[in-house]
There are 2 protein chains.
Amino acid sequence: MPARQPSKPRARRPRSEARPYHHGDLRRVLIDAALQLAEEGAEVSVREAARRAAVSPGAPFRHFPNRDALMAAVAAEAQRRFRTEIEAALDEAPAADPLLRFRAFGLAYLRWAMRNPAHFEIISTGRYFARGSSPELTRDNAELIALTEQMLSGAAAQGLLRSADLKRIQIAGRALVYGFARMNLDGHFPRWGVGEGEIERTAEEVIDLFITGIARR
Amino acid sequence: MPARQPSKPRARRPRSEARPYHHGDLRRVLIDAALQLAEEGAEVSVREAARRAAVSPGAPFRHFPNRDALMAAVAAEAQRRFRTEIEAALDEAPAADPLLRFRAFGLAYLRWAMRNPAHFEIISTGRYFARGSSPELTRDNAELIALTEQMLSGAAAQGLLRSADLKRIQIAGRALVYGFARMNLDGHFPRWGVGEGEIERTAEEVIDLFITGIARR
DNA sequence: CCTAAAATGTAATCGATGATTACATAATGG
DNA sequence: CCATTATGTAATCATCGATTACATTTTAGG
């Protein structure tokens, strides 16, 4: 790409007094508005996102062919944040013990899901946009799954596991964690203890129960 | 209630040739239409249900105050079918072994969820109507949960369990099964083996893995 | 029976939404 | 400097949930 002056502050040339006809980076602003809408528990509508961006109802369609595409972009952003947090947790986990890393993975997963329920929902449900509509998200998710497979085969190599059927263990582990996150999302934890701490502690216990179940002893 | 002739076939008195002004049992027909819509993968709209009942768009609101109420009724019906199948499976399970009954419960649960994904979604998600909007469904679900608690405490009494923390085991079990069902629903099983048999076999394996994990050996 | 009230359906309409089209304005590059 | 492209606006459409006024049928009480 040809080098260009990178600093020019977006042609700040007000026509008379108002904001410029062209928005700075509408695509980005729309995604952020949609993320915020979801976070607030409101249903994400294209029009409301446009409203928050102080732009006409038709403007978003210059950046996204339809609502699904916007939602896919929102999901991609949420997934990016999700992954960032998982990897940060793994960086702090002991490098040598695969089962402890597996545990840290599950904890970080549930912790994020508990604290960002709306975003987790958009990422996971596949009801907000056609599957395959966001290859970025699909690839990213596949990489996380591959990570868990590596941990499990590492654990098996060290003789830490009771069963050799890693595929089965992996699916069960995914189902357990995914199910816990979705139960929280879908209102199956009827106002538990005091605050969020209670539910996160339960998440930890459930993960430990699972790991104890698959570990050789 | 006063006894009345029960057989009169709904006052079949056509005004001239057309169907009667009053529908036979519109409420029931609307619920069935909505169930069918969900089953077909379409999104359930009040208007479409009205269309299928050959009735005006406003008619459904004589029977349901709003869309949520219709969805709640649909969920109640689906839950009734769900529960019927679970209880049938338990009737055929051995009465003496709590863990085998627990297994049969999980299998029936997942089997139904795999074969009626749209209905399971409506039952479980709580996104289609306000929580508490269908006390019938809530109570029914609570009873099923109580069933699993009885099985687990029975298993503990017979010394079949490794841990005494039944609450933890129960939540983990629920999360596992719920998660598996939702993974299927949310498209996280990318076109597995040949048909449905493959995924139901995997469900069985996962349940067995869990039960083996919590059982004393 | 008969008739008034209640139940149930229709027609018309409203506001919100996703989406499309024609048009306006700004940014960019030859 | 100007033409092409990118980006935003305005107007419009169909669909949906919901409400209201009105029509018809059923039902119950005298």
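In what follows, chains are A, B, ... by sequence order, proteins preceding strands, each numbered from 1. If you're wondering where the values come from, they're calculated on a predicted model, not measured in any experiment.
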Between [X] ([atom1]) and [N] ([atom2]), how many Å, whole number?
X	N	atom1	atom2	value
Leu30(B)	dG9(C)	CG	P	8 Å
Arg62(A)	dA10(D)	CZ	C1'	12 Å
Asp25(B)	dG9(C)	CG	P	9 Å
Leu26(A)	dT9(D)	CG	C1'	13 Å
Phe64(B)	dG9(C)	CZ	P	11 Å

For this session: May I ask you to test the His188(A)-Arg182(A) pair for a side-chain heavy-atom distance under 4.5 Å?
Result: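 Of all side-chain heavy-atom pairs linking Arg182(A) with His188(A), none is under 4.5 Å.
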Exercise. Got a salt bridge between Asp25(B) and Arg28(B), using NZ or NE/NH1/NH2 to carboxylate O under 4.0 Å?
Worked result: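 Arg28(B) and Asp25(B): not salt-bridged.
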Exercise. What is the ring orientation for Phe120(A) with Phe82(A), classed by angle as parallel under 30°, tilted 30 to 60°, or perpendicular over 60°?
Worked result: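 If you compare the ring of Phe120(A) with that of Phe82(A), the planes turn out perpendicular.
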Exercise. Can you pull the ring-ring contact (aromatic ring centres under 6.0 Å, His included) pairs that have at least one residue in residues 25-73 of chain A, sequence neighbours excluded?
Worked result: none
Problem set entry | Residue among Glu77(B), Glu85(B), Gln79(B) satisfying side-chain hydrogen bond (donor to acceptor under 3.5 Å, both in side chains) with Arg81(B) |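 The side-chain hydrogen bond (donor to acceptor under 3.5 Å, both in side chains) with Arg81(B) is passed solely by Glu77(B) among Glu77(B), Glu85(B), Gln79(B).
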Contacts table for residues 103-114 of chain A: side-chain donor-acceptor under 3.5 angstrom, sequence neighbours left out:
residue   : atom : partner   : partner atom : Å
Arg103(A) : NE   : Asp208(A) : OD1          : 2.5
Arg103(A) : NH2  : Glu204(A) : OE2          : 2.8
Arg103(A) : NH2  : Asp208(A) : OD2          : 3.1

Exercise. So does His63(B) get a side-chain nitrogen or oxygen closer than 4.0 Å to the phosphate oxygens (OP1/OP2) of dG9(C)?
Worked result: yes
For this session: If a protein heavy atom is under 4.0 Å from the base, mark B; if only from the sugar-phosphate, S; if neither, -; do that for nucleotides 14-19 of chain D going 5' to 3'.
Result: --BBBB
